[in-house]
Every structure is written in structure tokens, then in C-alpha cells.
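Keep in mind that the numbers below use all heavy atoms, side chains included, and drop hydrogens, waters and symmetry copies. It should be emphasised that the depicted structure is a prediction, and the values quoted were computed from it without experimental measurement.
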Amino acid sequence: MNKFLLISFYFLIFHSIFLCFSQPISVTDLRCEYQLNPLGIDIEKPHFSWILRSEQRNQMQTAYELIISDNYNDIHKKKGNIWTTGKVPSSENIHVEYKGTPLKPFSRYFWRVKVYDKKGKSSMWSNPAWFETAALKNSDWNAAWISDGKKQPLHEDDFYKDNPAPTFRKVFDANKKIKYARLYIAGLGYYKASINGDRVGNNVLDPGWTAYDKQVLYSTYDITNHIRQGKNIISITLGNGWYNPLPLRMWGKWNLREQLTIGPPCTTVLLQITYTDGSKDIIPTDHTWQVIPSPILRNNIYLGEHYDARLEQETVNNPETVLENPRYAVKVPGPQGKLTAQLQPPIRVIQVVKPLSIREIQSGTYIVDMGQNFAGVARIHVKGKAGTKIRLRYGEDIHKDGSLNIMTTVAGQIKQGNGGLGAPSIAWQEDSYILKGGHIESWSPDFTFHGFRYVEVTGWPGKLNMNDIEGLCLSADVEEAGKFSCSNPMFNKLMENIRWTFRSNLFSVQSDCPAREKFGYGGDMFCTTNAFSFNYDMSNFYRKIIQDNVNDQRPSGAITETNPYMGIADFGTAPDDGSGPISFQIGFPFLIKHLYDFYGDKRIVSNYYNAFKKQAEYLIGCSKNNLMTVDISDHESLDEKPYKLTASAWYYYHIQLIAEFAQLLDKPSDAQKYASLAKEIKQAIIDQMFDKSTGVFDNGTQSAQIFGLWFSLVEGEDKNAAFERLLETIKSRDGHLSTGIFATKMMFDVFRALDRNDVAYRIANKRDFPGWGYMIENGATTLWETWAYSDNTYSQNHPMFGSISEWFYRSILGINPASPGFEKIVIKPQPVEDLIFAKGYYKSIRGIIASSWDIIGNMFHLQVEIPVNCTAEIWIPSTNGTLTESGKPIEQIKDMLITGHQNNYTIVSVGSGKYTFRSFL
């Protein structure tokens, strides 16, 4: 490059940077269906969102222009041949619905946006973004389901015998210059695909678990760089996953093969190659695919995977290899569920953990301490003689003698031979690997996952060293959305434990534990949904969970306890109809409300309104005198449970929500009907379960009082009396909680609403039983299922008590939505006790919302960031009225308004921007 061109090049770069920073407003972070440049969506009218940035305060979008083209050159020239909105007067920068020319399947589209600020001045056009469609209709998918043709065992005990996982292979030609290539694949239960011996993508345990008779997910991969001109070969190995489970009797009762949609492993694939001359080749699954046994002898999501490396056929991925007497795939009907593009984040290896220590507790038996409880598998690097068999057993704990304790991770509490014919007496987690010999061999399982901190290793050739084994942490690859830290070290450690727990339980369902059960319970949705979403972007993950609920909705309208449904129906609303307890059924409508509140997605409310209405009508039919009596109540509380109150309160909340949704969707008849019914239910609860003279709800426990207060069943003096009674119950337990999964979440909400964060802090800060500090003091690195330590029955990696993480964001940092999608925000930090600083942020769908504060002497310092296109009400702790922003008296700050004083707070109304406040406490 000559000197002139070099100077011109740098001038253009610096000029672009200057223009970017000199703009009053700019557009970034373009997303389609919540994703950056999604590869393979099947939504005919997708939604678009973008984030706005500005160095100026109080900036707003007053209009936007959006263009879409199927040609990159056109979009680069700011031309849209598919959709051009023109200038649209609107402040909306989320969920803009596509209204252009009908989209085509298997096509890439490019799009850009520019916006107009509060003065009508336009931004530069955004950088181009893109999205790519997959199969938009069933008819777009022209590929068969294939299997290896083997029949399923006739006897239960035969399921536990070796039965190598099948590998399918297909040789194909690509004799022209390739423009791009895509692989669309669904493989049940799980699949691993490779082309020319190289693994495709980094998804594991794919696709996500669904009710396969209703819905089957497929993934899309860009395989352009995998394909070479000439002969190629694709191979796909299938694991059992949830589609071909063992006939384990979970808790000695539920056989998953009788509860789930099942079948032998099968796959359907479309491999498409587009050439530079515009022609295409399509390689679908059909009867011409060859099938061979893989080295995976057995695989199960609970019991583990067993691999014999001696059976590896290194030439199987060579397209020139000709198999002798090859077997061919068999076309099968496959599951009946609708093929749907998988939009929720796939499961991936999110972190590699190195051992903290390795101890040889007896000759040839090693205990590896990973130093952290997590979900995933171990990966080994080993060299030894062919035929050497290494066993890996997993557990969350060790016994006092240092040996492995597997008892808190045993599948379905199968511990006394109650798992059915052929099942192990104790259903622990175990993988094994048989060496092929020669060079160093590296291996980790493909089709299972475990919950563990410790690994017991036996059969190792020579001495096991720290570099020989590591832990692969697996989780849905959700984006980080929030951060929190403060001056209390225990809270910071607790936050770390919570995040490990949350990530351990995202495996296409939000599970209760990653070892013993792995199921998605509806009750956990209510108590932890907000906490999860403050920490991670859960938008597409929770959309999938909502659909799981509808997939398994009973004909009566009832929602099941777990989704996908696997048979459990404890405390069901009606006998023998498959309904879950009403406190777990709430997970369905609460998730709908949550996606609307956090992400502003009204489409979710509209799409699922009829299903929710069907559920509401079912509950009405189950009620008696406007009350319910059957419920699991406040699960894992330490007091006697107020069953009737919780059942009726949840019924009230269901009807409240359907009335709210009807109002939102402009359904006045439904809104009036359900609002009137909600009032009747509320009055019935008060009449039968509230003592006005004492302020006692039901049995007067912490759970009962909190339920009454959270649902706002009483007001005025009755509310004050109920709250005083709650304080008395806390005092009677020396300041400790006694709540279960629901009331623990509600408790922090109640204290925040009543400005009593002092009580919340003292409860949260306890270091003895029961409480989070007690778990940490006893070595917990994830949250326990129960307040008490358990070394035999209960999981040590359970997310439900992680609801306290929501308190960190909403009360300590003070970040709260005041309208859907955080368009309006309330920042109300509640400093308390000996906390001297807290800092953090939440990345909302509209941008970063940050709140950080510290206290020096009697000076309170608060830094806040509000996204462009948003407004905020900021509550600043202050006592004497002296308040500054950026060093100036607040009265002198333009575009900032003091709107009131309340409970030692000064309330200020602001627009977007960064603010620094100082006040005196």
C-alpha cells in the first residue's frame, strides 16, 4: 500500500470514529428474535430490536427507518428490496414486527436501522446485521427420519446391556465452487455430527428436550468451511437422551419409558450446498445412508456413558473408505412432533475446571476434588495398554474417611434395588473408558451429564496426576446480563454460589438438580425466574419453557408439575388428571408475565392467552366456594404448612393474571369477568383465613403471613397488623427465616415494598442454621435443596433458594422495572446495616442499567446509568435535603426534576444518561 493510500485509509477510519462519537444518537446491538445474527429461524414475521447510545442526556428516539435486503451489496448501499419502512414516527426500539415481502426458507437477509433523536436529527445507518431463515413450513423439510433398524429389547433387563450407539455416514460430492453450506439437523435423543472427521459446531446434548409427540427441535450450522471440493463424508452418531431412556423406576414408581414419547435413536438431516453459480445440492437423510456401530457401548442421561476406544474405526470418516457388507439406514416414522427451529441457547462447554486436589485413598482408587460443585462431565488424558478400563464415579460429597459419597446424586432415589428389573441396586453416576493403547488418549462422554464436585477414579494406568483430568462445565450458553458485588464478602460468595447453581441447572429445561432428577418443575419458575433473568438473558430460554407447558397441557386445561411431563403429579388440583399442584401450575402464566415485564414481549401474552384461559377455567371448575384446599404449599419450609391459604392464594393469583392479560389484549368481557371473580376469591380468603383481631393469616407462620402480604390480601391497619405478626414470628426464631421456596422469594419483595430492608438484611446475613451463610460456613459451593445439610437424600445443587439474588439487584442496587421492558425504571437502593458499598448493572433489552453506591461517613454517593429511550425515577437516600449531581445543587441541573420526598428519600425524575449524586444520610 503506497503512502497516499495509507493516509487515506487511516483518515477514513478516524473520520468514521469521529462521526460515531459526534452523533447525538447511534444504533448498536441489532437483534432479531433476541439474537445477534441468528442462523436458522422459522418465524415468518420475526421481531427486531436495537439498542441506542448517546453521550448526551435525556435522549430519545422519535422515529426510525428499517431496511431489509436479500443482497449484501444493496444493504451496503442502504437499499432494501425486501422491506423498507420509510420514516416511522415511533419511540419503539424493541419488538418491531416484520411486515415486508414474505420471507423465503433457507435464505439470508441483511438489515440496517437508523433513528431520529428528540430533536429530529437522524443517526448514521447502523452497521449491517443479518438473519437467516430455516424451514418456514413443514413442506420445506424434505428429509426422512432414519434409524439403524434394530428392534428395541423385549425384556426390561436387556436395556441395561451393551448396545452400541449407531453412527450414520453418507459420502457426497461437491464438484463446484462453494458459496456456502448449511446443515439442518434433528437427532434423537442426542446427536454428534462431523464432516470429513471434523466435529460440526460446539453444541452438546443437542437438541433440547421437548415433548417429542408435539415438538422436535432442530439446529442449523454453517458448514461452509467443512466442505471441500470433491468427495466429502458426513457422519452422525446418536445417543439415547430423553428419547430412548432406560426403564428406570424413578422413586421406584415412574418408568420414563411409560411417561415420555420414546423410540429408538433416529435422525433427520438436510445438508444444503449453494454454489457460486447459484445452483444447489441437497443431501437429505434417506435409506442410502450407511450405518455402523460406534465405540459408545452404553449411554444414559442418569447412569452415564461407557466407551471402548478399541472399537474406533479411524477410516470411517474417510470418504474413500469402502465398507465391506455395509448396513443401510431404515426409514422410520419418527416422532410426530412439529419440527421447530431451536432458538433457545444451546448447551455448550462454558468452562473448564482444574482439580483442586487428588488423593489416593487406597491402592488404585483416587478421589479428585474439583473444588466446585457443577454440572458436566470429566475429561481424561491417559496413556496405557490397550484394554485397560478406567472407571469414573461422580458425587457431590465425600464421607468422613475421604471416600466418595454418591448418595445425594442417585437417580430418582433408586438406592434399594427399587429401580426395576435389570436396574442397578443403587443408580449412581458412572462413566468408563477402555483404552485402545499407543499414544495419549483424550476422552470425555458425549451423551450424558452429571452433577458433581468429586470424581472417584479407578483402573488408572500408573499414577493419576493433576494434568490428567479436568471438569467440563456444561450449561445452556445464555448471555450474561448482570453483575453484583458489595462490601459484604459473604454476599459475594453467595452470589458466586448462586451463579454456579443456576448454570448447573440450564439443560434446555430449568432443572431442579442436575443429577438426581434433571426435571423442569413449574414451582421453580415462580421463585427464581426474576433472579435468573437479572443474571442472564433468559428471553429465548423461557420462551421454550412456556411452549413446553402448552405441549403437555392436559385436555382438561391443567398444567403439569414438570415440563416436559414425566408422570409426577404430587398434590394435583384434581385426582388422576395429571395436574400439578396449583403452586407449580403458576409457573406457566408467571413466565408469560415475566417475559412481558422484563422484555416487553406482548406477543407472548397474545400467543398463549387461550391456553392460559383454558387453564383458568379448569381451576374455576376445581374450586369450591371460591377457594382451593389442595397444594404442596411452601415446599421445604420449616414450619407447618398453611395448605389451604397457599392453594387459595395461588388460585387468586391465576385469576388476577388472566384478568390482567385480558385487559392488556383489549378483551373487556374477559377482563371484567375475571377481575370480579378475583375480588370474590380475595374476600373468601379474608373471611375464612384472616383473623382481623390478631393480624394472623391461617396458622400464623412466616409463610402464611408472607403469602397474605405478598398477595396484598389486606390493606391499611390490617396490613400493618399482619406485618407486625410476621416480625414477631421472625423474632421468635432469633431473626431467622423458616420459609420454603415460595415465601423466601416473596419475603424479600415484601420487605422491599415496605422499606424494611433492615429485616431482610439481618435474615440474609445470618451465618448459622437456617440460612445461606450456614451453607457457606459448611463448605457449600452451590445451593442446597434444604436449609439443613444432607449427605444422603437431598441435592446439594438446587436453584430454588437462589431467589435471594433478585434481592441483590432489586433492593440493594435498587434496579426495578416500572413498565414493560424497562422503558420506565425505578432506581431505589436501600442501603442498610454495615453495607458500605454495592455496585452492579443489569443489561436490559433496551441497554445497560447501572447502579453503584458507597457510603463514606455520612455521605452517600450514587452513580446511575439509564439507557437511551428510557426514563427513570431515582430514589436517593437523604435526610437533610442537601443533594448534588455532578457537584452541582440538584436544583440547578437542567432536565432533572425533584418530584417528592418520602421516607428519607429524595425522588428525582430523569431521562437517559449517566448521573452522579451525593447526599447526606
Does Asn765 form a side-chain contact (heavy atoms from CB on, under 4.5 Å) with Met490? I'd like the steps, not just the answer.
CA-CA 8 Å; Asn765 200 36; Met490 192 274 277; 4.0 Å; yes
Can a salt bridge be assigned to the pair Glu728 and Lys731 using a cut-off of 4.0 Å between side-chain N and carboxylate O?
no
Using atom types as modelled and distance alone, determine if a side-chain donor or acceptor of Asn492 lies under 3.5 Å from a backbone N or O of Cys486.
yes
Please check if any side-chain donor atom of Ser790 sits under 3.5 Å from a side-chain acceptor atom of Glu785, or the reverse.
no
Evaluate the side-chain proximity of Met250 to Tyr302: yes if any heavy-atom separation is below 4.5 Å, no if none is.
yes
Polar contact flag, side-chain donor to acceptor under 3.5 angstrom, Ser633-Thr646:
yes
The criterion is salt bridge (Lys or Arg N to Asp or Glu O under 4.0 Å); which residues satisfy it with Arg503, sequence neighbours excluded?
none
Between Phe588 and Tyr608, how do the two ring planes meet: parallel, tilted or perpendicular, split at 30° and 60°?
perpendicular
For a quick check under 3.5 Å, do Gln615 and Gln585 share a side-chain donor-acceptor pair by atom type?
yes
If you define the side chain from C-beta out and look only at heavy atoms, does anything of Met525 sit under 4.5 Å from Tyr542?
yes
Would you verify whether the NZ or CZ of Lys518 falls within 45 degrees of the ring axis of Phe449 while also being under 6.0 Å from that six-membered ring's centre?
yes
Please determine whether ring-ring contact (aromatic ring centres under 6.0 Å, His included) holds for the pair Phe519 and Trp254, giving the CA-CA distance in whole Å, both sets of side-chain angles, and the decisive distance to 0.1 Å.
CA-CA 13 Å; Phe519 302 136; Trp254 288 285; 9.0 Å; no
Under the 3.5 angstrom rule, does the side chain of Gln553 hit a backbone N or O of Ala611 as a donor-acceptor pair?
yes
Give a yes-or-no answer on whether the side chains of Thr501 and Thr782 include a donor-acceptor pair shorter than 3.5 Å.
no
Would you kindly say whether Glu396 and Asn797 are connected by a side-chain donor-acceptor distance under 3.5 Å?
no
Chi angles and distances behind the side-chain contact (heavy atoms from CB on, under 4.5 Å) call for Phe484, Ile812
CA-CA 9 Å; Phe484 168 85; Ile812 296 181; 3.8 Å; yes
Counting only N and O atoms by type, is there a donor-acceptor contact under 3.5 Å from the side chain of Gln344 to the main-chain atoms of Arg543?
no
Taken in chain and number order and not counting sequence neighbours, the residues that satisfy side-chain contact (heavy atoms from CB on, under 4.5 Å) with Lys493 are Glu496, Asn497, Ile776, Thr781
Apply side-chain contact (heavy atoms from CB on, under 4.5 Å) to the pair Lys415 and Asn792, showing each step before the final yes or no.
CA-CA 10 Å; Lys415 298 176 179 179; Asn792 183 270; 3.8 Å; yes
So which atom in Leu638 and which in Pro770 form the shortest heavy-atom distance, rounded to 0.1 Å?
CD1-CG, 3.6 Å
Ring center gap for Tyr794 and Trp787 short of 6.0 angstrom
no
Would Lys745 and Asn530 count as a side-chain contact (heavy atoms from CB on, under 4.5 Å) here? Give the steps.
CA-CA 10 Å; Lys745 178 260 190 297; Asn530 289 344; 3.7 Å; yes
Side chains of Thr701 and Asp639: do they bring a donor and an acceptor to under 3.5 Å?
no
With side chains defined as the heavy atoms from C-beta onward, is the minimum distance between Asn488 and Glu833 less than 4.5 Å?
no
Name the orientation class of the two ring planes belonging to Phe742 and Trp650 (parallel below 30°, tilted from 30 to 60°, perpendicular beyond 60°).
perpendicular
Run the ring-centre check on Trp710 versus Tyr653 and record whether the distance is less than 6.0 Å.
yes
Electrostatic pair Arg453:Asp397 at N-O distance under 4.0 angstrom
no
For Asn535 and Tyr809, does a side-chain donor sit closer than 3.5 Å to a side-chain acceptor?
yes
Taking C-beta and beyond as the side chain, do Phe697 and Pro642 meet within less than 4.5 Å on heavy atoms?
no
Does the Ser623 side chain pair with the main chain of Met628, one donor and one acceptor, at a distance under 3.5 Å?
no
For Lys766, does the NZ atom have more than 12 heavy-atom neighbours from other residues, nucleotides or ligands under 6.0 Å away?
yes
Smallest separation among heavy atoms of Ala704 and Leu645, with atom names:
O-CD2, 3.5 Å
For His635 and Lys641, work out which heavy atoms get closest and say how close.
CA-CE, 4.1 Å
Just say parallel, tilted or perpendicular for the rings of Tyr842 and Phe822, cut-offs at 30° and 60°.
tilted
Answer whether the closest heavy-atom distance between the side chains of Leu657 and Phe612 falls below 4.5 Å.
yes
Student check: side-chain heavy atoms of Phe751 and Leu726 closer than 4.5 Å:
yes
Could you point out which residue of Tyr841, Trp772, Phe491 forms a ring-ring contact (aromatic ring centres under 6.0 Å, His included) with Phe808?
Phe491
If you compare all heavy atoms of Thr562 against all heavy atoms of Met566, which two are closest, and at what distance to 0.1 Å?
OG1-N, 3.3 Å
Going by side chain to side chain contact (heavy atoms under 4.5 Å, CB included), Met775 matches just one of Leu783, Leu494, Thr786. Which one?
Leu783
I want to check something: taking the side chain as every heavy atom from C-beta on, are Val478 and Asp537 in contact at a cut-off of under 4.5 Å?
no
Give a yes or no answer on whether the side chain of Arg516 reaches the backbone of Thr793 with a donor-acceptor pair at less than 3.5 Å.
yes
Answer yes or no: is there a donor N or O on one side and an acceptor on the other, between the side chain of Thr409 and the main chain of Ile406, under 3.5 Å?
yes
Roughly how far, to the nearest 0.5 Å, is the OG atom of Ser803 from the CZ atom of Phe532?
11.0 Å
Near-ring test Trp784/Tyr789, centroid separation under 6.0 angstrom:
yes
Could you state the interatomic distance from CG (Leu472) to NE2 (His450), rounded to the nearest 0.5 Å?
11.0 Å
Could you pull out the closest heavy-atom pair between Asn551 and Lys214, with the gap in Å?
O-NZ, 2.6 Å
Looking at every heavy atom in both Ile545 and Ser508, which two are closest together, and how far apart are they?
CD1-O, 3.7 Å
With the side chain counted from C-beta on, respond yes when Ser738 and Ser637 share a heavy-atom pair under 4.5 Å apart, and no when they do not.
no
Going by atom types alone, do His798 and Asp524 pair a side-chain donor with an acceptor below 3.5 Å?
no
With side-chain hydrogen bond (donor to acceptor under 3.5 Å, both in side chains) as the criterion, how do Thr528 and Gln510 come out once you've worked through the C-alpha distance, each side chain's angles and the decisive distance to 0.1 Å?
CA-CA 10 Å; Thr528 61; Gln510 183 181 308; 2.8 Å; yes
Are there more than 12 heavy atoms of other residues, nucleotides or ligands under 6.0 Å from atom CD of Gln416?
no
For Leu813, does its backbone N or O pair with a side-chain atom of Ser851 as donor and acceptor, under 3.5 Å?
yes
Looking at the rings of Phe374 and Phe452, which for Trp means the six-membered one, are their centres under 6.0 Å apart?
yes
Go through the side-chain N and O atoms of Asp552 and Asn563 and say whether any donor and acceptor fall under 3.5 Å apart.
no
Any donor-acceptor N/O pair, Asp698 side chain to Met689 backbone, under 3.5 Å
no
For the CD atom of Gln830 and the CH2 atom of Trp807, what is their distance to the nearest 0.5 Å?
9.5 Å
